[in-house]
Amino acid sequence: MKAGSKDLAKATVLFAGDSGDGMQLTGGQFTQTTALSGNDLNTFPDFPAEIRAPAGTVPGVSGFKIHFGSAKVYTAGDQVDTLVAMNAAALSSQMDQLKEGGLIIANSNGMDARNLRLAGINEDRDLLGEAEQRGFELVSVEITRLTKEALKDSPLSNKDKDRAKNMFTLGLVYWLYDREPERTERFLEKRFADQEDIREANIKVLRAGHHYGETAELFRNRFSVPPADLAPGRYRNIKGNQALSIGLITAAHKSGLELFYAGYPITPASDILHELARSKAYGVQAFQAEDEIAAITAAIGAAFGGSLAVTASSGPGIALKTEALGLAVMLELPLVVVNVQRGGPSTGLPTKTEQSDLGQALFGRNGEAPLPVLSCASPKDAFDVAFEACQIALEHMTPVMILSDGYIANGSEPWKFPSSSELPEIQPPVHKAEDGDYTPYKRDEKGVRKWAIPGTAGAEHRIGGLEKQAETGHVSYDSENHQQMVRERKEKVERVAHGYAAQEVSCGSKKGGLLVISWGSTYGAVRTAVERLHKNGIAVGQYHLRHLHPLPSDLGKLIERYDQWLIPELNEGQLLQLIRSTYLVDAKGLNKVQGVPFAHREVEEAIVGMINEKK
Amino acid sequence: MKAGSKDLAKATVLFAGDSGDGMQLTGGQFTQTTALSGNDLNTFPDFPAEIRAPAGTVPGVSGFKIHFGSAKVYTAGDQVDTLVAMNAAALSSQMDQLKEGGLIIANSNGMDARNLRLAGINEDRDLLGEAEQRGFELVSVEITRLTKEALKDSPLSNKDKDRAKNMFTLGLVYWLYDREPERTERFLEKRFADQEDIREANIKVLRAGHHYGETAELFRNRFSVPPADLAPGRYRNIKGNQALSIGLITAAHKSGLELFYAGYPITPASDILHELARSKAYGVQAFQAEDEIAAITAAIGAAFGGSLAVTASSGPGIALKTEALGLAVMLELPLVVVNVQRGGPSTGLPTKTEQSDLGQALFGRNGEAPLPVLSCASPKDAFDVAFEACQIALEHMTPVMILSDGYIANGSEPWKFPSSSELPEIQPPVHKAEDGDYTPYKRDEKGVRKWAIPGTAGAEHRIGGLEKQAETGHVSYDSENHQQMVRERKEKVERVAHGYAAQEVSCGSKKGGLLVISWGSTYGAVRTAVERLHKNGIAVGQYHLRHLHPLPSDLGKLIERYDQWLIPELNEGQLLQLIRSTYLVDAKGLNKVQGVPFAHREVEEAIVGMINEKK
Amino acid sequence: MKQVKSYTSKDFATDQEVRWCPGCGDYGILKQVRDLMPELGLEREKTVFISGIGCSSRFPYYMNTYGLHSIHGRATSLATGLKMTRSDLSVWIITGDGDGMSIGGNHLIHLLRRNPNVNILLFNNEIYGLTKGQFSPTSEQGKQTRSSPWGTVDHPFNLSALALGADASFFARTVDRESKHLRETLRQAHEHKGASLVEIYQNCNVFNDGTFSAFTDKERKQQNTLHLEEGSPLRFGDPEKPVVLTWKNGAVGAEEMGASDPGSHWIHDPYDRAKAQALSRLSDDMTYPRPFGVLYREERAVYEDLLAEQQKVIAPKRTADDLDALISGDAFWQVGQ
Amino acid sequence: MKQVKSYTSKDFATDQEVRWCPGCGDYGILKQVRDLMPELGLEREKTVFISGIGCSSRFPYYMNTYGLHSIHGRATSLATGLKMTRSDLSVWIITGDGDGMSIGGNHLIHLLRRNPNVNILLFNNEIYGLTKGQFSPTSEQGKQTRSSPWGTVDHPFNLSALALGADASFFARTVDRESKHLRETLRQAHEHKGASLVEIYQNCNVFNDGTFSAFTDKERKQQNTLHLEEGSPLRFGDPEKPVVLTWKNGAVGAEEMGASDPGSHWIHDPYDRAKAQALSRLSDDMTYPRPFGVLYREERAVYEDLLAEQQKVIAPKRTADDLDALISGDAFWQVGQ
Ligand SMILES: Cc1ncc(C[n+]2csc(CCOP(=O)(O)OP(=O)(O)O)c2C)c(N)n1
Ligand SMILES: Cc1ncc(C[n+]2csc(CCOP(=O)(O)OP(=O)(O)O)c2C)c(N)n1
Ligand code: SF4
Ligand code: SF4
Ligand SMILES: [Mg+2]
Ligand SMILES: [Mg+2]
C-alpha cells in the first residue's frame, strides 16, 4: 500500500522508549527540523522517575512529546496522533495518550518476552494485537534488527550499533511527516566530528530509516503540516529554564551590573544553575551554595555589594529561603527569586509540574512582607518575565518572585527573540559619591530608596532586619514609625502596578459571558480551549494574569465586564481565593493536582458545563 | 489634705522605671494581691528593647501595666489611671499613656539633672511642672530618699538599700488602692529566706511606703475596687506562655504519651522552652536544638517514635520550619507547632506583639499542605488551645499550628483552672501488634490513618516525603493517585471541623447590624468595645474565631445574619482576605501594625464610623 | 520475656523493587547491611532506618524495618529526636555526601558532639547523584560537573578531619566494593556505644564512575590503601615487601618493613586522638595511602544515657496529683466555696 | 590615583548610642577594632562589617563603615556572596557562639573550607546573650541556664578543633580583656590572606559573668594561659620559673624550663598542622593551659582569587555582540525577511 499524502493543520508525536534509547535526542532533532520547516510548536519531555530504573521497565520509560502545526500551537498537545514506542514498557504505559484511531509505530524487536517481563506484563499477552483491537493503527517495524542490518559493515560494537536505532526511528518519522533528514545529518557531523565510526553509522541508519519509509509501504497516509503563518523575524527553539537564564543575563547587561546567581541543585530548577554556570563568559558568577539558605543569603550579600542577585529553587528550597526573603524585604535590596514549581507538598512529585506554591509566594513569610510576584506563561515567556522581574527588582529596590514550573522549565517552543538593542536599559537608583549626603531610607516619588554601594565614599551606612526609622534607617522601636514603614513598604510594592500596560483579554469575547482567568503555564491549554469555543460562537474570553502581585489596578473593571468567572489552576484554588477576596465575584475553580498540565478538553468541558449550569 | 475614698469599677495602673528598678516584680506583686482580693484583671509587661540599655535612658525603661476591676476585664487597659514613674525616662516616655486628668506618682529623686540628661531631655526642663500643666494630677514623692531614710539602721550597702525603693512604691500604691501589704510580706519572707538583711529591709520599706500614704496626705482620693463577681472555683494568675506549656503537659498526660518539646530560643517564645525544661519532673523532654530546623525535625523524629511532639518559635523561626512542616503533613504524624507572633517582617520588632503571621500559618508551605490552625484569645485561653491542638494532632494524625503572640505570651490574667480529672482523655489511633496487618495509609471514617510505633512487631513500614500510594504508603508517581491523596489529606483536615461546638457570638447582638470578627489577642479589646456599644443600644455583635482552619462549617450562616462586617487585626488584613473570599461578604478591616494591641476605643470608633457611613 | 525471633537476611528485604541504576555501588552496601542485621541479632521492629534525600537516602525503602525517608539534610536531627525519646531502638542513619555534609552539615556536627548512640552511614560518592551530577562538598577541586563545567574552585571537606574536629566518638572508613571490610566496619560501628560515623566510598557509576578506583582496582589498591587494624603496624604496598609507617615526634614517615626497627613502627591505636588526627590528614596531599577501617574511637557518655540519668535524679515517678499541682501552681485562691 | 584618606579611630565611630549592658565585654572589643582600622590603613567606604543576630551582632551599627546586621546565623554566607562579587572590599564578619556555631555552624565550616579572604570575629561568651541566657554550643557540660535548669547534658564544641577539622587556614584565640593581645591578633587575622577565624572570649557580665576569669584574673591567668608566639617556646606559669611544654613522639609533656634541655622545648610553629591540632586539644581536660594567639595558619588559595583566575581564562571581554549571540543561540532561523 502506497501512502497517500494528507495535509494536517496540527499533529502531536510522542517518542517513547527506554531511558537508554535516546528519545530526548530524537525528539530534540525532530523539533529542530520541524521548527526550521516553519511550524509553530510546543514540546514536553517526560521522565517519570528521578532515578534511572532498570532498562526495559515502566519506571525507565523516557518520553518526548511534540505538538506542531501550521496554526499557533499553545500546548504540547492533549492527545497523541502518533506514538513511537521502542519497547513494551513504552507502549503499554503510553498507549492511553493516543487519540482514537491514532497511529502506533512500534519497534517489534522491543516487544519480545523479555521486554514484556521487564515491563511487568504477562509474557503471554500480545500487546501489539491488543493495540490493534483497541482500534489504533499499528505499524510494526523491526527497528533493532533493521538498524543492525544497516550497520553490518560498520566496525562498531554490537552495543554501539544498537544505540543507533533511535536514528532509524527518526528517519522513519521524518519520512512520515514529510521532512528531510539533512539538518540532523549536519548535527550528527558536528556532534561526532571526532568519532568517525559513530558519525557514519548514525547517518547511515538515519537515512536507512527514511528510505525504509519510502520503500516499505508501511503507512496508510503520509502527513504534511504546512508552515505556520509566523510573524517575520528570527526564531530559535527554547526551553523555559534556558529562556529564564538568558533573560537574567540580558537584564544584567542592560543594567550594567554583574549577575550573581546562587543556587542549590533541585529538580526542576537545577538547569538554571547549569545554564548560568556555563555562561561564565558572560560575566556571570554562578555559585553552588551549601544549601538554599546559604544561596539566598549569599545573593543578598552580593546585592548589598551592587550586583544583580538572583537565586532559584523549587518548593522545598523556597520554603527554606523564606526567612531570608523577609530580610530582603526589610533591607529593600533588589533580588530575584525564582520558584520552578513541582508537585508538592514536601518532596512530593519532584519531576512533575504543579502550581501549588502560589500561596507560599504571596503569603509565605512572617510579618507583613509584600513583594512583587510574576509568573511565566510558557517557555519563551520566561525570558520576558525574567527580564521584567530584574527590572522591577532593580528599579523598585525590592525582592521579586518569579513563578515558573516543571512544565515550562523543560518544555520548549519557538521564540522570536529580540535583538539586545531593542530592549530597554534598566536604571537602578544608584547613589553616587557626587550625589552628596546619603539617607538610606529616603524615598523618591515611587517610594523607592537609593542604593549606595560599598566603595561609595561618604555613603557608609548600616542596615539590618530590625525595623528602621523612616528615612534614616536607624533601628527604631517606635510604634507609629513601624506602622509608617509597613505602609511605605507595601505602597512601594503596590506602585509597581503603575508600570503595567493596560490589561486586555488574550482572546475570545471582550465582554459578556464567561471569563476564564489563567496564570502561569495554564495559559496554553486555556488559550486553546477558549479560542476553540469562541470560534464556535460561545461567549467566552481569556484573561491571562502575569502579575500576581500587585494585581493590575484595572483588572477589577475587566472582571466586571463578565457574568461568570472560571479559574483553572494546577492546585486546589489558590488564585481563586485571591480573586474572590479582591473582587468579591463568585469565581469558580477548575482544579487539577495530578502532576500534569491541563488538557484543553478539560478546560473546554468546564467552560461549557458552567455556562450550561447557568442557563 | 486627707484623701476621700472612691469606689471604682475598674482601674489601670502602670509601673514604670529603669530596667534595674524592679518594676516587673512590683507589678507582679501588685497583681497577686489584686487577684487575691477578688478582682478580675489583666496585665501586660512592656520591655521596649531587647538589650539592657544604660540605666536611666528611655530604651532602658521597663513597664508593667495592670488593669483590674469589679467587672470582667478583657484587656490590659487602654488608658492609664495611675502612672508610677521612677525616673525621668519613665515619666517622659509613658506620660502619653495617661488618661486625661490621670494621676502620676513620681519619684522626684529620679527627676534630677542627671536623670533628665540620661533620658535625653534638656536639663532646664521641668518635667513635673509640665505634667501638671497638662492637667495631670501630680504626686511627687522623694522615694529614693525616703527609702534610704527608712533603712538608715540597716547593715545593707547603699546600692542594696537603693534597690529596695520599688517596695516603697509598692507600699504606697497598695495604700492608694486600699490593699494590705501582708501577702507581699509573706512573699518576701520566702524569697529572701536566707538573706535576713535584705528580707528585713524590703519588708520595712514596703511598710514605710504604706504608712507614708496613710500619713502624708498626698492624694486627693483613695480608691477601692470591690471584688468582681467571679464564678466560683479555684483561680491562679497565669501568663500565656505558662498556660500554653501546662496545656501541653496536660495533654501528654491525658493521652498517655511522653511530651517531647524541641525548640530554639527566640523572643517571645523562649519562655515555653524554659517552662518545659523546668518541668522535667513531669516527664517532659525539652530539647534545645541547634536551630529551628533541627528542632522541628527532632520533633518529627520523636513523633515517629510515638511521643507527643511539639515545637515552638516566632515568625523567623517558623519560616525556617516550613519545609519540615510540609514533611509532617505528608507523613501524617501528630505534631504541634506554636508560633508566638511578634512584630515583623524579618527580625522586625522582636519584643512587640503582632498578628501578621496568619498568612504564613495558612499558606506558607510548598504544595497543597493544609493543616489545622488555632489561635489563643488570651493568656488563660492558651491552656485550652494547647490542649485542643494536641487533641486534634493526635486524634487526626496531623500537624497543627497554634498562633499566639507577644501580648498573650507575656500578659497575665486570673485563670479558673480545671482539675485534671475534668479533662477528656485523648485517644490517638495507635496500631497495636495484636491489631493484625498494618496498612500505613488506610483511613478510618474520619479519614485518619493508624499510628504504628516502632517496637510494634509486624507493623514495620517506611514512610517519607514523596507522594505515596493511597493506603499502602508506597512511593507512587501516579497522576490520579496524587490527586486522590491531595484530596484525602485536605478532607481529613476539613473533617476536624466536625468536632467543633456550634458557633455563637461572644457578646452583643445576635443578629442584624454589624458583626465584629476577632481572632487571637484582639479578643479582649473587641469584647470591651462591643459590650460598651451594645449596652448603649448599638446593634453590634462580636464573633471570635478560634479555628482559623478549617473554618467552622456553620460560620457562613452566622455571618449572613448581619449587614456589615468589621475585622480588626494587628496586621494589614490577613483574616479579612480569608473571610471575604470564603463568604463573599464585603467585610472591612481595621488594621494596626504598631507592635501594640488595639485600644478598645479604636475598635469602638471604627464600629461607630462604619455604622454611620452606612446610614 | 518474649522470645527473640531469629531473622535471616531475607527477612530484612521489603517487597519494593530496588531502583538504583544498574551497577550502582548502593546495591553492595544494601546487601551487606541486610546480611548484617541478623548477625547483630537486631529485631526488625526495634530497628529504624532514617535517611534524608538522595539516591542513597532511598535505602530505608529496601529494609524491612521501621523507616523514615525524610527531607534533605535532616536525617541526623530526626534521628536525634527519635533516639532521645526511644533509646530502646537501634537507629541507623543513611545519608550522602550532599545530604550529610552540604545541607546537613550542621546537624551532623551537632549530633557528633552530643553523641547519641546511633550509626551514621554516609555514602560518599563525591557527587550529587539524585539531582543528576553536580559537585558535592567532597568532590575534588577542579572537578567538572554539570554545575561546574569549568571545574570547581571549592576546596573539599575531609570528612574524617571534620568529624574529629566535631568530637566524633567513632569514625571509620570503608568502601562499597570490599564487602567483608564493609560489614566488619559496620559491625564495629554498631558495637560502639555512641555516635558512629562510617564514611562509605560508593561508586556512582553514572555520574562519577571510578572515582575510587585507586582504592578498589586490584592493581592499585595495595599501594593506595592502608588497612587499619588495632594493634597492628600500619603497612601497605606489596605484601611481600610492605612499607610501614612510622610516627616520630608527631611526624609521619615511611620505611621498608624489613629494613626498619619494629620499635619505630606505627602501631594502630584507634583510641589515640593525636594519631587519629594524623591519620585523618595522612593522604591529603596523596603522599601516603588512604586509611580504611576505624580511625578513631573513644568512650564518651552517650546523650540519651545522660538524659536518663538526669531524669532519674529529678523525677520521682509522677502521679495524677502532680499534674494537678502543676496546673494549680502554688499561688492559687478560691472564689466562692 | 585618588589619595588615601587618613582616618582616626574616631572616624570609625557612628552617631548611634552603643547599647550593650554596662560592663559587657563587647565594649572593649569595639574599642580595639575602631582603633585598629586606621592602623591597618582601611578606608571606611571599602570596609564592610556583616553580622548575624545576637548582642555581639549589633556591632556593625557602631562602625562607621558599610554594615549589614542580617539574620541569625547567616553572616558567613552573606559575606561569601559579597566577597565573591566584591573582592576589593575588606569584609569583617561579627558573630557569636550561638550565631556562628549553633544555627550558623554549617555556613561557618563551608566558608572555612572555601577560604575567601575575610575576617571572622566570633565573640564567644558561652551563652546566648540577646535571648537572655540560654546555654550555647560552647557552654560547659552541666551548666545551669534558663533553658537548662538541671544543667546541660550537651558536650560542647571545641571551636579550634572544629575549625581545623573544617580546613580553616587561620585560627587564633584572644580575649576581650587583653586589649593589646586582641588588637595584635586581629591585625594578624587581617594580614592573613584567606579566611581568618578569631575566637574572642567575651565576658557577658549579665548572664555568664566570669566564665573566663581563669584566663583574665591577674592571679590565675599565668597558670592557665599559654601565649603563642611564632618561634618561641610554649611556656607558662611563674615568669621567674616558667614551665615549658615539650612535644615528643606526638605526645605533649611539660618540664620546668630551666631544668630541661632547650632542644626538647616545643617551639611554636603555627604552620605545623599536627602541632596545631595538639594545641587545639591541649586544655580539653584542663591539665594544660589554654593557648592564646595564632594556633594555626596556612597559605591556601583564596576563593575569590580562584574565581578570578577562572574568569580570566574563560572570559575574553564580552561585548554587546556576545549578548546577542547568547540570545540567538546557534540554531536559529529566519521567518519572512
Ligand atoms: C531542600 C532541598 N534541596 C534540594 C533538594 C534536591 N536534592 C535532592 S538529593 C540532593 C543531593 C544528593 O546528593 P547526595 O546527598 O550526595 O546523595 P546521592 O544522590 O549522591 O546518593 C539534592 C540537592 C531537595 N530534595 N531538597
Ligand atoms: C531564626 C532565629 N532564631 C532565633 C533567634 C533568636 N536569637 C537571637 S540572638 C540568639 C542567640 C544569641 O547568642 P549568640 O550568638 O551567642 O550572641 P550573644 O547574644 O551571646 O552575643 C538567638 C537564639 C533569631 N533572631 N532568629
Ligand atoms: S545516579 Fe549514581 S548514586 Fe544514584 S543510583 Fe545511579 S549510580 Fe547510584
Ligand atoms: S546580655 Fe551579656 S553579651 Fe549581651 S550586652 Fe549584656 S552583657 Fe553583653
Ligand atoms: Mg552523593
Ligand atoms: Mg553568645
Side-chain angles (χ1 to χ4, degrees), chain C residues 73 101-110 112-115 137 141-142 148-169 247-252 272-278 280-281 284 300-301 303-311 313-315, chain D residues 73 101-110 112-115 137 141-142 148-169 247-252 272-278 280-281 284 300-301 303-311 313-315:
Chain C
M101 299 178 73
S102 194
I103 193 169
N106 204 32
H107 308 307
L108 177 67
I109 58 178
H110 280 270
L112 293 176
R113 76 174 172 96
R114 292 194 185 106
N115 201 35
Q141 213 157 358
S148 60
W150 314 95
T152 77
V153 296
D154 287 39
H155 176 90
F157 276 133
N158 172 329
L159 179 58
S160 54
L162 182 66
L164 292 177
D167 285 18
S169 68
W247 169 263
K248 282 182 203 149
N249 267 331
V252 180
D272 183 327
R273 184 196 289 276
K275 284 194 181 136
Q277 279 169 335
S280 77
R281 294 294 182 183
D284 269 7
R300 205 172 83 225
Y303 199 55
E304 61 272 23
D305 291 351
L306 290 171
L307 286 168
E309 271 166 43
Q310 196 172 65
Q311 196 70 37
V313 174
I314 60 183
Chain D
M101 301 177 71
S102 194
I103 191 167
N106 204 30
H107 309 307
L108 177 68
I109 60 179
H110 281 269
L112 293 176
R113 77 176 172 95
R114 292 194 186 105
N115 201 34
Q141 212 158 355
S148 59
W150 314 95
T152 77
V153 294
D154 288 39
H155 175 89
F157 276 132
N158 171 331
L159 179 56
S160 54
L162 182 65
L164 292 177
D167 284 19
S169 69
W247 170 260
K248 283 183 201 148
N249 267 332
V252 181
D272 184 327
R273 184 195 289 275
K275 284 193 181 136
Q277 280 170 334
S280 78
R281 293 293 182 186
D284 268 8
R300 204 173 83 223
Y303 198 55
E304 60 273 22
D305 291 352
L306 290 170
L307 287 168
E309 270 167 42
Q310 195 173 66
Q311 196 69 35
V313 174
I314 59 181

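What you are looking at is a predicted structure, and each value in this text was computed from that prediction instead of being measured. Protein chains get the first letters and strands the later ones, always in sequence-line order, with residue 1 at the start of each.
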Scored by heavy-atom pairs under 4.5 Å with chain D, the best of C:K275, C:R114, C:H107 is C:R114

Cut-off 4.5 Å, heavy atoms of chain C, and the answer for D:L164 is backbone

Worksheet item: Does D:Q310 use its side chain to pair, donor to acceptor, with the backbone of C:G151 at less than 3.5 Å?
Response: yes

Per-residue tally against chain C (heavy atom, under 4.5 Å) across D:A301, D:S280, D:P137, D:G104 peaks at D:P137

Scored by heavy-atom pairs under 4.5 Å with chain D, the best of C:I109, C:D154, C:L159, C:L108 is C:D154

Turns out that what part of D:Q141 lies under 4.5 Å from chain C's heavy atoms comes down to side chain

Counting distance only, does the side-chain N/O of C:N106 pair as donor-acceptor with the main-chain N or O of D:S102 below 3.5 Å? yes

If you tally heavy-atom pairs under 4.5 Å between each of D:N115, D:D284, D:V153, D:L307 and chain C, the highest tally belongs to D:V153

Under 4.5 Å to a heavy atom of chain C? For D:I103 that would be backbone

Under 4.5 Å to a heavy atom of chain C? For D:D167 that would be both

Bottom line for D:A274: the part with an atom under 4.5 Å from chain C's heavy atoms is side chain

Using the benzene-type ring in the case of Trp, are the ring centres of D:Y303 and C:H155 under 6.0 Å apart? no

*asked:* I'd like to check D:W150 versus C:V313 (side-chain heavy atoms, cut-off strictly below 4.5 Å). Are they in contact?
replied: no

Note: vs chain D, highest number of non-hydrogen pairs under 4.5 angstrom among C:N158, C:D272, C:L162 is C:L162

Scored by heavy-atom pairs under 4.5 Å with chain D, the best of C:R281, C:M101, C:Q277 is C:R281

